[in-house]
Amino acid sequence: MNVLLVDDEMDVLEGITDALDFDSLGIESVYLAQSAAHAREILLSRNVDIMVTDIEMPGESGLDLLQWVRDSGLDTVTLFCTSYANFNYAQKALEMHSFDYFLKPIAYSALQERLAAAVKEAERIHSLKSAVIGRMACRITKSFFGPP
């Protein structure tokens, strides 16, 4: 399990990485990005199961980033964090099927709990994909070789 943290403020990224116990969540790698552009580079080059992203960032928003993730066909479980209590942001995040949305500052213990729930969701998605792939492989085998 891998997570990508996206925030234009390095102190926020460092605070999260220092405070959370990623090992206890089964998270092997934590990637950091200070912009949506850098996050896209990581998403294209690494397997990212969970993304925690700020909404308001210079250049491109976290909402734009999630739209790109969805358009790219990635199944990344996404949590939004923001300093702005803006209903339009929350509404858009829900429309885009984000997993969670919370306001900064958030207690690290609460963020740990939300990440634990996101890990379970990512595991559920992986299980569903594996089951679908298994069924497809079985059908393909039967179509080439006939029933057993």
Side-chain angles (χ1 to χ4, degrees), residues 1-140:
M1 192 73 47
N2 300 317
V3 67
L4 170 61
L5 306 175
V6 187
D7 198 300
D8 58 306
E9 298 178 40
M10 184 51 84
D11 59 327
V12 170
L13 296 173
E14 290 172 347
I16 293 170
T17 56
D18 291 345
L20 298 188
D21 182 2
F22 293 102
D23 290 336
S24 72
L25 298 173
I27 294 174
E28 298 168 7
S29 298
V30 179
Y31 305 109
L32 306 178
Q34 285 189 269
S35 68
H38 187 209
R40 278 195 306 278
E41 290 174 18
I42 293 169
L43 288 159
L44 287 171
S45 64
R46 305 276 193 260
N47 179 29
V48 175
D49 304 294
I50 300 167
M51 178 172 66
V52 180
T53 182
D54 191 2
I55 289 183
E56 284 286 328
M57 295 181 288
E60 190 175 358
S61 75
L63 293 168
D64 295 331
L65 177 60
L66 179 57
Q67 186 62 57
W68 178 87
V69 166
R70 296 292 181 247
D71 292 345
S72 299
L74 301 174
D75 292 323
T76 308
V77 176
T78 302
L79 298 84
F80 281 108
C81 60
T82 184
S83 298
Y84 303 96
N86 182 326
F87 176 75
N88 292 331
Y89 286 159
Q91 183 178 25
K92 184 68 174 170
L94 287 172
E95 288 172 3
M96 297 170 69
H97 305 286
S98 68
F99 181 74
D100 204 347
Y101 180 99
F102 54 89
L103 294 175
K104 292 189 236 176
I106 184 170
Y108 291 128
S109 59
L111 182 54
Q112 181 91 15
E113 290 173 11
R114 289 170 186 240
L115 267 179
V119 165
K120 287 182 182 176
E121 177 65 8
E123 289 170 343
R124 186 186 72 78
I125 290 169
H126 286 294
S127 293
L128 287 173
K129 285 173 71 175
S130 293
V132 168
I133 290 169
R135 283 193 292 262
M136 289 175 64
C138 185
R139 288 181 185 160
I140 291 169

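Atom set for the values below is all heavy atoms of this structure, side chains included, hydrogens, waters and symmetry mates excluded. We number each residue from 1, following the sequence as shown. These numbers were taken from a predicted model, which means no experiment stands behind them.
To the nearest 0.5 Å, the span separating NE2 on His126 from CG on Asp49 amounts to 3.5 Å. With values rounded to the nearest 0.5 angstrom, Lys120 atom NZ is found 10.0 Å from Phe99 atom CZ. The CG atom of Asp18 sits 10.5 Å away from atom CD1 of Ile16, with the distance rounded to the nearest 0.5 Å. To the nearest 0.5 Å, the span separating CD on Glu41 from CZ on Arg46 amounts to 11.0 Å. Residue Arg70 holds its CZ atom at 7.5 Å from NE2 of His97, rounded to the nearest 0.5 Å. With rounding to the nearest 0.5 angstrom, the CD atom of Gln67 is 10.5 Å from the CD atom of Glu60.
Heavy atoms only, all atoms of each residue included: Asp7 and Cys81 are closest at OD2-SG, 4.5 Å. Heavy atoms only, all atoms of each residue included: Gly26 and Met1 are closest at O-CB, 3.3 Å. The shortest non-hydrogen separation linking Ile50 to Val48 is O-CG1, 3.3 Å. When all heavy atoms are compared, the tightest approach of Ser61 to Ala36 is O-CB, 4.4 Å. Scanning all heavy atoms of the two residues, the minimum distance from Gln34 to Asp8 falls at NE2-O, 3.2 Å. Among all heavy-atom pairs drawn from Tyr84 and Tyr101, the shortest one is O-OH, 3.6 Å.
The shortest side-chain heavy-atom distance between Leu4 and Asn2 does not fall under the 4.5 Å cut-off. A heavy-atom distance below 4.5 Å is not found between the side chains of Val119 and Phe22. Using a 4.5 Å heavy-atom cutoff, the side chains of Leu25 and Gln112 are in contact. Considering only heavy atoms from C-beta on, Leu103 comes within 4.5 Å of Thr82 through its side chain. Using a 4.5 Å cut-off on side-chain heavy atoms (C-beta onward), Leu65 and Leu43 make contact. Contact of the Met51 side chain with the Leu74 side chain is not registered, since no non-hydrogen atoms from C-beta on lie closer than 4.5 Å. Between Met96 and Thr78 there is no side-chain heavy-atom pair separated by less than 4.5 Å. Between Val52 and Phe102, some side-chain heavy-atom pair lies under the 4.5 Å cut-off.
Using a distance-only test at 3.5 Å, with no hydrogens or angles considered, no donor-acceptor pair links the side chain of Arg114 to the main chain of Leu79.
For the pair Glu121 and Arg124, the salt-bridge criterion is met [side-chain N within less than 4.0 Å of a carboxylate O].
More than 12 non-hydrogen atoms from other residues, nucleotides or ligands lie less than 6.0 angstrom from NZ of Lys104.
With Phe80 as the partner, the side-chain contact (heavy atoms from CB on, under 4.5 Å) test is satisfied by one option alone out of Leu63, Val6, Asp54: Leu63.
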